[in-house]
Amino acid sequence: MSEARLSNLIENAPLDAYTTFGVKQYAHFLIEVNNLPELYVAVEFARDNHLEVMVLGSGSNVLFVRDFPGLIIIVRLTGIVQESPTRLRIGAGEDWHNLVKWTLANNLFGLENLALIPGTVGAAPIQNIGAYGVEIERFVKRVHVFDTHLAKNLDFERDACDFAYRDSLFKRAPRGRYIVLEVELELSDSDAPVLTYPALAERFDADEQVTAEQVYHAVCDIRRSKLPDPKVVGNAGSFFKNPVISAEKFLKISEKNEDVPAFPLENGDFYKLSAAWLLDKAGWKGRKRGLAGVFDHHALVLVNHGGATGEDIFLLAQEMSSSVLHKFGIALQPEVLIV
Ligand code: EPU
């Protein structure tokens, strides 16, 4: 094994700068890899030393509640290659929002609703990122990964990725098994905005001819007004998923709460409810527990006011979900990966 390639290995690495929550936990080892040979050597090092592997992109959807005893690999593979007029092959380490800007500048459309989502391109299919009526799965052609169990590169076509709401085969697999290397996206060369999300649609007149550029700016505006910038205050966006409940349960809740935001699914047998609304009704918006808290403008976003530990944030999240269970009989599931 080439020692030179492991030269940027850090032992007892503080993780606060590597996650958007900014909590101070440590990893036994951490390494940033810029190319495939460096990645393979890092994985070999973990295998030889019986270390668990975990990959981080920009750490925008993870909460460390204790020190990580294995090897954290930060994937910095870059590059945007236009394989055909509408097909892009993108390195996992590219910044997601920069990609969105790149596509619009090159007259490729579809990603505008997903503007300003923090994170890397490699993380996008794992989490099946979504916002304002669009999820990335509709654009995924193929995901290229390194399978650390089989020690070989594999390609997953869109159907094989088994995408679901904020979920995929990669997220369900054992942690560290698949390392996303590149993502291939099929975009559109015609501008056809998606305005199904009410908060977005209400920004435009019903008969207006809206462009992708306008959608992009509207989405950036809404996000900036509602969600805290992780560079200013530590957070990981929505902490919980929006819960899916039976129509029967929904009826019971809506009898007492006419204003509950809900979206019917599967012919109306199930409803997806707003977790933010449930938490807001339970009085959580803007509350603090020591150095951890809930954002003033959005009850679904937990924040680190500076110096909170992962445990502080986790305990607050538990208190929040118990109160929703108690008040509405609904068990919230975390959207953020808790390690
Ligand atoms: N609401 C409240 N109180 C609040 C915040 C919101 O009652 O404090 C109500 C709003 O009035 C609205 C409803 O809740 O009727 C939904 O709120 P919002 O439009 O902000 O969306 P969300 O359901 O809370 C989801 C995603 C976001 C995504 C937005 C826009 C999940 C868990 N979250 O949030 O994704 O940006 O929709 O599509 O699905 C993320 O995944 O980290 C994330 C931020």
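Both ligands and their constituent atoms are indexed starting at 1 by order of listing.
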Validation: residues 71-84 side-chain donor-acceptor distances under 3.5 Å, sequence neighbours left out:
unit_1	atom_1	unit_2	atom_2	d
Arg76	NE	Glu32	OE1	2.9
Arg76	NH2	Glu32	OE1	3.2
Gln82	NE2	Pro85	O	3.1
Ser84	OG	Thr86	N	3.4
Ser84	OG	Arg87	N	3.2

When you compare the side chains of Ser323 and Trp284, does any donor N or O come within less than 3.5 Å of an acceptor on the partner? yes

Would you say Tyr132 and Glu112 make side-chain contact, with heavy atoms under 4.5 Å?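 The answer is no, as the side chains (C-beta and beyond) never meet within the 4.5 Å cut-off.
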
Hey, is Arg289 close enough to Asp312 for a salt bridge, meaning N to O under 4.0 Å?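 The answer is no: the pair does not qualify as a salt bridge.
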
Counting the benzene-type ring for Trp, do Phe21 and Phe64 have ring centres under 6.0 Å apart?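 No, too far apart.
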
Starting from the N and O atoms of ligand 1, collect every protein N/O partner closer than 3.5 Å and put each pair on its own line with the distance to 0.1 Å.
unit_1	atom_1	unit_2	atom_2	d
ligand 1	3 (N)	Asp280	OD2	2.7
ligand 1	8 (O)	Asp280	OD2	3.4
ligand 1	8 (O)	Lys285	NZ	3.3
ligand 1	8 (O)	Ala299	N	2.9
ligand 1	14 (O)	Ser274	OG	2.8
ligand 1	19 (O)	Tyr197	OH	2.6
ligand 1	19 (O)	Lys226	NZ	3.4
ligand 1	20 (O)	Lys226	NZ	3.2
ligand 1	20 (O)	His298	NE2	2.7
ligand 1	21 (O)	Tyr197	OH	2.9
ligand 1	23 (O)	Asn242	ND2	2.9
ligand 1	24 (O)	His298	NE2	3.4
ligand 1	33 (N)	Ser238	OG	2.9
ligand 1	35 (O)	Arg166	NH2	3.0
ligand 1	36 (O)	Arg223	NH1	3.4
ligand 1	37 (O)	Tyr197	OH	3.4
ligand 1	38 (O)	Tyr132	N	2.6
ligand 1	39 (O)	Tyr165	OH	2.7
ligand 1	39 (O)	Arg166	NH2	3.4
ligand 1	41 (O)	Arg166	NE	3.0
ligand 1	41 (O)	Arg166	NH2	3.0
ligand 1	41 (O)	Glu335	OE2	2.6
ligand 1	42 (O)	Ser238	N	2.9

Cationic tip of Lys285 above Phe295 ring, under 6.0 Å, 45° of axis: no

